[in-house]
Engineer: 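Encoded as structure tokens, here's the structure I'll be asking about.
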Amino acid sequence: MPLIQIDLDRELFESLGDQLSAAVQKAQIDALDIQADDLFQVFTPHGPGELRFDPGYNGVDRQRLLLLRITMVHMYSVATKQRLYRSIVERFGEAGVRAEDILISVVENGYEDWYAGRL
């Protein structure tokens, strides 16, 4: 049950929010083999100046920032997580989001760290 949190420009959320939601869900289904109804996403749109970043950090030509924080159980291999990153970037690219503008961070924990409506 990954929890997806996405911070992005308000303008981007208003124009592509539904498409980005579907894209990240499909990426999880394909890369992590989650069930289709395993959908937990939080979008946080931001106004001008609220997302701050270095546009050239690490030699990347960053024009905007779309930040994905993925909290999930520590159970996936490095190769699986990289497959997830590629799938997200490809699908967001289809929606018009540049790969250079995406930052993905994974936070992992154990099954004991989750409560999802029942024990």
Side-chain angles (χ1 to χ4, degrees):
M1 181 183 90
L3 170 61
I4 307 293
Q5 297 172 294
I6 301 177
D7 288 82
L8 69 171
D9 294 336
R10 182 170 306 284
E11 165 194 326
L12 190 59
F13 174 72
E14 290 173 357
S15 63
L16 295 176
D18 290 340
Q19 195 172 351
L20 296 175
S21 173
V24 75
Q25 183 66 4
K26 183 69 171 134
Q28 289 183 95
I29 291 168
D30 292 347
L32 304 180
D33 199 31
I34 67 167
Q35 297 176 17
D37 66 349
D38 189 348
L39 173 66
F40 296 92
Q41 302 174 352
V42 178
F43 282 81
T44 306
H46 295 274
E50 291 183 13
L51 293 171
R52 298 181 186 212
F53 58 92
D54 184 321
Y57 175 74
N58 202 27
V60 175
D61 175 29
R62 206 167 277 103
Q63 297 176 5
R64 63 180 1 154
L65 178 63
L66 193 150
L67 170 63
L68 287 90
R69 284 183 306 277
I70 304 172
T71 305
M72 61 187 181
V73 173
H74 182 67
M75 61 185 267
Y76 299 104
S77 69
V78 170
T80 299
K81 288 184 270 190
Q82 289 176 339
R83 191 168 51 248
L84 175 64
Y85 305 152
R86 276 191 297 276
S87 186
I88 290 170
V89 168
E90 288 172 10
R91 292 177 189 289
F92 279 21
E94 293 169 3
V97 176
R98 299 171 63 244
E100 297 86 357
D101 297 337
I102 300 169
L103 177 64
I104 302 172
S105 172
V106 169
V107 177
E108 297 176 306
N109 53 27
Y111 287 103
E112 70 276 9
D113 298 314
W114 291 86
Y115 173 81
R118 70 171 122 167
L119 295 174

Engineer: Check whether any side-chain heavy atom of Val97 lies under 4.5 Å from a side-chain heavy atom of Leu16, and answer yes or no.
Structural biologist: yes
Engineer: Do you reckon Leu68 sits in the same ILVMFWY cluster as Met1, going by side-chain contacts under 4.5 Å, direct or chained?
Structural biologist: yes
Engineer: Which heavy-atom pair separates Leu12 from Arg64 by the least distance, and what is that distance?
Structural biologist: CD1-NH1, 3.7 Å
Engineer: Is there a side-chain contact between Leu65 and His46 in this structure, where contact means two heavy atoms from C-beta onward sitting under 4.5 Å apart?
Structural biologist: no
Engineer: Taking the side chain as every heavy atom from C-beta outward, state whether Ile70 and Leu84 have any atom pair closer than 4.5 Å.
Structural biologist: yes
Engineer: Let me confirm one number: the OH-CG distance from Tyr111 to Asn109, rounded to the nearest 0.5 Å.
Structural biologist: 10.5 Å
Engineer: Linking I/L/V/M/F/W/Y whenever any side-chain heavy atoms sit under 4.5 Å apart, do Leu32 and Met75 land together?
Structural biologist: yes
Engineer: If you measure from the Lys or Arg side-chain nitrogens to the Asp or Glu carboxylate oxygens, is any gap between Lys26 and Glu94 under 4.0 Å?
Structural biologist: no
Engineer: In terms of heavy-atom contacts, does CG of Asp54 have more than 12 from other residues, nucleotides or ligands at under 6.0 Å?
Structural biologist: yes
Engineer: For Thr80 versus Ala31, what's the shortest heavy-atom pair and its separation?
Structural biologist: CG2-O, 3.5 Å
Engineer: Assigning hydrophobic clusters by single linkage (Ile, Leu, Val, Met, Phe, Trp, Tyr; side-chain heavy-atom cutoff under 4.5 Å), is Val78 placed with Val89?
Structural biologist: no
Engineer: Evaluate the side chain to side chain contact (heavy atoms under 4.5 Å, CB included) criterion for residues Ile4 and Gln28: first the C-alpha distance (whole Å), next the side-chain angles of each, then the deciding distance (0.1 Å), finally the verdict.
Structural biologist: CA-CA 10 Å; Ile4 307 293; Gln28 289 183 95; 3.8 Å; yes
Engineer: Which heavy atom of Ile29 sits nearest to which heavy atom of Ala36, and what is that distance?
Structural biologist: CD1-CA, 3.8 Å
Engineer: Show, in sequence, the C-alpha distance, side-chain angles and deciding distance for Trp114 and Leu3, and conclude whether the side chain to side chain contact (heavy atoms under 4.5 Å, CB included) test is met.
Structural biologist: CA-CA 10 Å; Trp114 291 86; Leu3 170 61; 4.0 Å; yes
Engineer: Tell me if the CD atom of Glu11 is crowded by more than 12 foreign heavy atoms within 6.0 Å.
Structural biologist: no
Engineer: Is there side-chain contact between Phe13 and Leu20, with at least one heavy-atom pair below 4.5 Å?
Structural biologist: no
Engineer: Examine distances only and state if a side-chain atom of Gln25 and a backbone atom of Asp38 form a donor-acceptor pair shorter than 3.5 Å.
Structural biologist: yes
Engineer: Can you tell me if CD on Gln35 sees more than 12 non-hydrogen neighbours from other groups inside 6.0 Å?
Structural biologist: no
Engineer: Between Tyr76 and Lys81, which heavy-atom pair has the shortest distance, and what is it?
Structural biologist: O-CE, 3.5 Å
Engineer: Let me see the working for Val60 and Phe53 under side chain to side chain contact (heavy atoms under 4.5 Å, CB included), right down to the final yes or no.
Structural biologist: CA-CA 11 Å; Val60 175; Phe53 58 92; over 6 Å; no
Engineer: Counting only heavy atoms not in Asp18 (residues, nucleotides, ligands), do more than 12 fall under 6.0 Å from its CG?
Structural biologist: no
Engineer: State whether the side chain of Asp101 and the backbone N or O of Gln63 hold a donor-acceptor pair below 3.5 Å, judged by distance alone.
Structural biologist: yes
Engineer: Return the CZ to CZ distance between Arg62 and Arg98, rounded to the nearest 0.5 Å.
Structural biologist: 9.5 Å
Engineer: Is the backbone of Ala27 close enough, under 3.5 Å, to the side chain of Asp30 for a donor and an acceptor to pair up by distance?
Structural biologist: no
Engineer: What is the minimum heavy-atom distance between Gly17 and Phe43, and which atoms define it?
Structural biologist: O-CZ, 4.0 Å
Engineer: Indicate yes or no: does Asp7 engage Arg69 in a salt bridge with an N to O separation below 4.0 Å.
Structural biologist: yes
Engineer: Is there a path of hydrophobic side-chain contacts, each under 4.5 Å between heavy atoms, that joins Phe40 and Leu8?
Structural biologist: yes
Engineer: Could you check if a side-chain atom of Tyr57 sits within less than 4.5 angstrom of a side-chain atom of Leu103, using non-hydrogen atoms only?
Structural biologist: no
Engineer: Any link between Val24 and Val73 through a network of hydrophobic side chains (Ile, Leu, Val, Met, Phe, Trp, Tyr) touching at under 4.5 Å?
Structural biologist: yes
Engineer: For Val106 and Tyr85, run side chain to side chain contact (heavy atoms under 4.5 Å, CB included): C-alpha distance rounded to whole Å, both residues' side-chain angles, the deciding distance at 0.1 Å, then the answer.
Structural biologist: CA-CA 10 Å; Val106 169; Tyr85 305 152; 3.5 Å; yes
